[in-house]
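So that the names make sense, note that chain A is the first sequence line, chain B the second, and so on, each numbered from 1. Just so it is clear, the model here is predicted, and its values are computed rather than measured.
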Amino acid sequence: MRMIKTDNLIFEYKKHDDEGNVIGAHRAIDEINLDIEEGQFIAILGHNGSGKSTLAKHMNAILVPTGGTMWVDGKNTSEEDNIWDVRQSAGMVFQNPDNQIIGTVVEEDVGFGPENLGVPTEEIWRRVEESLSAVGMIEYRHHSPNKLSGGQKQRVAIAGVVAMRPKCIVLDEPTAMLDPNGRKEVLRTVEELRKREKVTVILITHYMEEVVGADRVIVMDKGHIVMDGTTKEVFSQVETLKKYRLDVPQVTLLAHELKKKGYDIPDAVLTTEELVDALACCEIAGTHTVHKSESQSGVSEVSVDVPKEPIIKLDHVNYIYSPGNAYEKHALKDVSLDIYEGEFIGIIGHTGSGKSTLIQHLNGLIKATDGAIYYRGKNIYGEKYNLRQLRNQVGLVFQYPEHQLFEIDVLTDVCFGPKNQGLSVEECKARAIEALQLVGLPEKYYGRSPFDLSGGQKRRVAIAGVLAMKPKVLVLDEPTAGLDPKGRDEILNQIAHLQKEGNLTVILVSHSMEDIAKYVDRIVVMNKGCKMLEGVPKEVFSHYKELESVGLAAPQVSYIMHALVERGIPVDTQATTISEAVETISQILIK
Amino acid sequence: MIRDITIGQYYPADSKLHRLDPRVKIMCTLFFLISLFCIRNIWGYVVATFFLATVICISKVPFKFIVKGLRPVIMLLMITVIFNLLLTKTGTVVYEIWILRITDEGLRTAGYMTVRLIYLILGSSLMTFTTTPNALTDGIEKLLWPLRKIKLPVHEIAMMMSIALRFIPILLEETDKIMKAQIARGADLESGNIIQKAKAMIPILVPLFVSAFRRATDLAMAMEARCYRGGEGRTKMKPLVYRKKDYIAYAITITYVVFAVLVGR
């Protein structure tokens, strides 16, 4: 049976002028022909703005085609009478967990769909119970959604869809706003659901690892389907995927790089086992058996610091949220930390570990309950200390910084910071232009409204807004959240460039161990408000067992290295990035 | 700071009060408020205190939590007290300074007024503490249902209220975040005169409105995707049905009101 079929599907977003007249159209979907069989797990990939969300909204009749036809479960979505049937057979889960939960109690939210369908009361209760059990959220049924984690909220949203007994579930970037644990949680739920309920699942994402289990992968670009095939078929074309601003899972990328070097590895390796199996066939070069201990001694050399004064020093900082109240929380416990000028520091830790609280201390937004913070040797809690001066020196870019844009055009918005510093109009402008150039935003956008830009561009404008203040230290809270792979790389490369060229001290909070491994000099691991580990990436990631125990992980490459060692291939287990892995493997294995 | 406001919040617990029909709670709160305005002497207040204390005990909401709800209205209470103290001219003079004169009558009215206001707030916040916002809107919807005849969009009003209640904490959190982000960009929110302060709010209000609209669009889409099409043909997961305990609650409250009014006349 066909679940979804489209015939030359076209959709255009109309542009309106101030009077509401149509002045142009943007074709988001351009003649798509698609056939999706019932019971399959389909993944749709594409960069931000490739048209994948627009396509998803057609499957639920939220959007109706401008041209062509779409059938869901045999029903034409353009026909008014079919709308409610279509919406019932293809349930939809959206990106933002907060903006799709209607009920103020979990179970009431799950009941919302069946209520709308006119299901009798007893049946609603049965369905609510069933679907909450199916997503493993039954013990939270009486909770308020506001108190749940992102992953839990998305599971509630999935339960809300399941309770409507759909034949197909469309998930539109359900994990984009979640941390790695939340992401795993949601994917596991989807997987179990698929096995038990035999529903068709359409997953839209730009996290490549999530796609590995799919029956079929569809890649979209500029409103077209540009690739379509099994996971292996699609992931074997690494270069083509990169062209579409996407990437492949780390294992696949490593296999691809090794293959380029001349190793005999099959196309599109998707799992660690496959790669290890392929490499196990290669011959080991005899002289390198002591490699591991060698490199370990090398690490301790790196971690010796040049004794100099830290730019920021945290001295036994404690912070307690709303003390003496039901919500009291000891968010930071005795954290001491030295940050040196020009360093690139990564802060990792799962949600609620105190990372965000920690970085808000660095520019005095939050005042420590106990302990002291020194900026260039001066106590920032000192009586005469000018906190506004400090904020000019320590720039803080919050998560989703584009949500703070407010001016009529990009340039004026970036000028906001310098203007607050009391600079002249010309100087503000010069600073703003410089900052916008640093983040790589083309000049033609300077006069546009920030709200008209794409997600990635908005993010750059927001970062420029902080850079224009010429800070000495730049603190970024997950600057790549929600961006597509290419966008993530671009932002991080620019930040790394600034750090090197501009002698900027950068503190990066990230959930992506791969990014951390690739860019930072030193890692601080936070757990339950305490500083758990601190050191160079190799050192920290060698404690991967400990990291796992607190809900973190080492980069995927580390796991591959460990798996290779277990199979008797003595590679350097401290390799954390693709290039390091390629290096150590090529030293040890003969092609 | 903003998180400290407890007024209008729901306190999850499993008490007899939590399980009552929301209509009962709304109506009984109303009765209680009316009774407060009918009481004119100390004995009436003793009865009211006894009733309120018992209900608070049954509700299982910690007393500290309830009292916190009074914090935002302290200013209002102070003003009431001062006005009553100074503007009551009848009765014997207790204390006199310059043109200000405090009489025993004034003291009494100020005292009663304070107690009345505090009980008013405690009574009504007890209702919101023990009733989920959804149940509350359900109750209002059902109570207002007859008004549909005069073309009042009862279901829509109830839906709007319930959505507003769900988004209050989210938007508060968001305001906090935006404020911090703009302070980090050097915004000065504290100094300056009223006009400068109002101007300084623009960088906070614009993003907040933009975000509220974005959330509204998202939510509307999510509701439509789940087949929401207004109140017609909708069933209820938790339909409101009066049970024995609800009738008992009505009976107790009405008995109290009659008693309090008789005693407090």
Side-chain angles (χ1 to χ4, degrees), chain A residues 57 60 62 84 87-88 91-92 94 96 98-105 107-108 111-121 124-125 128 142-146 157 160-161 164 322 325-327 360 363 365 388 391-392 395-396 398 401 403-407 416-417 420-421 451 465-466 469, chain B residues 1 3-4 6 10 12 14 62 64-65 68 132-135 137 159 162-163 165-167 169-170 173-174 177-178 180-188 202-211 214-219 221-230 233-239:
Chain A
K57 282 170 195 160
N60 193 268
I62 285 175
W84 306 110
R87 288 190 183 158
Q88 197 247 312
M92 190 139 173
F94 297 89
N96 190 321
D98 280 322
N99 297 357
Q100 57 180 319
I101 294 183
I102 297 113
T104 36
V105 176
E107 62 176 10
E108 286 176 12
F112 182 75
E115 281 183 339
N116 292 333
L117 295 175
V119 174
T121 301
I124 297 181
W125 280 91
V128 167
H142 299 299
H143 282 56
S144 152
N146 290 331
V161 168
M164 294 171 73
S322 27
N325 150 327
Y327 300 108
Q360 289 179 39
N363 69 349
L365 273 179
R388 289 190 67 193
R391 286 176 195 141
N392 294 338
L396 178 54
F398 278 88
H403 291 176
Q404 281 102 52
L405 301 176
F406 66 99
E407 278 290 0
F416 181 68
N420 288 328
Q421 289 174 303
F451 302 109
V466 173
M469 298 170 75
Chain B
M1 181 202 81
R3 278 184 211 139
D4 289 344
T6 59
Y10 173 65
D14 189 27
K64 250 173 87 182
F65 193 79
K68 243 198 216 130
T132 65
N134 249 25
T137 44
M159 184 53 84
S162 116
I163 290 171
L165 284 168
R166 190 181 120 56
F167 276 88
I170 294 175
E173 213 170 282
E174 183 130 17
K177 213 184 116 187
I178 296 172
K180 276 183 177 160
Q182 305 298 27
I183 293 173
R185 284 173 77 187
D188 184 4
I202 294 174
I204 290 156
L205 291 179
V206 174
L208 194 63
F209 274 103
V210 171
S211 143
R214 189 182 56 238
R215 285 180 193 280
T217 321
D218 279 8
L219 189 73
M221 198 161 64
M223 286 171 73
E224 278 197 18
R226 282 160 78 181
C227 294
Y228 179 72
R229 55 197 124 163
R234 225 170 158 253
T235 45
K236 289 261 176 205
M237 180 182 178
K238 296 175 176 171

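Interface residue A/Ile102: backbone and side-chain heavy atoms are both found under 4.5 Å from chain B. Contacts between B/Ile170 and chain A at a heavy-atom distance below 4.5 Å involve the side chain alone, from C-beta outward. Proximity to chain B is absent for every atom of A/Glu407, based on heavy atoms less than 4.5 angstrom apart. Both the backbone and the side chain of A/Arg87 come within less than 4.5 Å of a heavy atom in chain B. If you measure heavy-atom distances from A/Asp98 to chain B, the contacts under 4.5 Å come from both the backbone and the side chain. A/Gln404 touches chain B through backbone and side chain together, each having a heavy atom under 4.5 Å away. Residue contact with chain A, scored on non-hydrogen atoms closer than 4.5 Å, involves the side chain of B/Phe167 exclusively.
Within the model, atoms NZ of B/Lys177 and NE2 of A/His403 stand 7.0 Å from one another, a figure rounded to the nearest 0.5 Å. Here the straight-line distance linking atom CE of B/Met221 with atom CG of A/Asn60 works out to 9.0 Å at 0.5 Å rounding. One finds the CD1 atom of B/Ile163 at 10.5 Å from the OG1 atom of A/Thr104 (value rounded to the nearest 0.5 Å). Here the CD-NZ distance, from A/Glu108 to B/Lys238, works out to 3.5 Å after rounding to the nearest 0.5 Å.
When atom types are taken as modelled, the side chain of B/Thr235 and the backbone of A/Val119 share a donor-acceptor pair closer than 3.5 angstrom. No donor-acceptor distance shorter than 3.5 angstrom exists from the side chain of A/Glu115 to the backbone of B/Arg234, with no hydrogens or angles considered. Checking side-chain atoms of A/Arg391 against main-chain N and O of B/Arg185 turns up no donor-acceptor pair under 3.5 Å.
For the set A/His143, A/Lys57, A/Glu107, the count of heavy-atom pairs under 4.5 angstrom toward chain B peaks at A/Glu107. No other option in A/Asn96, A/Asn146, A/Ile62 has as many heavy-atom pairs under 4.5 Å with chain B as A/Asn146. Contacts with chain B were tallied for A/Gly160, A/Gly395, A/Pro120; A/Gly160 has the most, counting heavy-atom pairs under 4.5 Å. Of all the listed residues (A/Gly417, A/Pro401, A/Gly111, A/Gly118), the one sharing the greatest number of non-hydrogen pairs under 4.5 Å with chain B is A/Gly118. Counting heavy-atom pairs closer than 4.5 Å to chain B, the top residue among A/Gln100, A/Met92, A/His142 is A/Gln100. Each of B/Ala187, B/Ala225, B/Ala222, B/Ser211 has some count of heavy-atom pairs under 4.5 Å with chain A, and the biggest count is that of B/Ala225.
In plain terms, the two heavy atoms of B/Tyr228 and A/Phe112 that are nearest each other are CD1-CZ, 3.6 Å. For the pair B/Cys227 and A/Asn116, the tightest heavy-atom approach, listed with the atom from each and the gap, is O-CB, 3.2 Å. Nearest heavy-atom pair, B/Lys180 versus A/Gln360, reported as atom, atom and distance to 0.1 Å: NZ-OE1, 2.7 Å. Taking all atoms of both residues into account, the shortest heavy-atom contact from A/Asn420 to B/Gly186 is CB-O, 3.2 Å. Contact between A/Trp125 and B/Met237 at its shortest, heavy atoms only, is NE1-O, 2.6 Å.
Remark: B/Asp218 pairs with no residue by the salt bridge (charged side-chain N to carboxylate O under 4.0 Å, His left out) rule, at least two apart or across chains. By the ring pair (Phe, Tyr, Trp, His ring centres under 6.0 Å) test, A/Phe416 is found to be paired with A/Phe406, residues two or more places apart in sequence or in another chain being considered.
Residues A/Ile124 and B/Lys236 form no side-chain contact, since every pair of their non-hydrogen atoms from C-beta on lies 4.5 Å or further apart.
Around the CZ atom of B/Phe209, the shell of radius 6.0 Å holds no more than 12 heavy atoms that belong to other residues, nucleotides or ligands.
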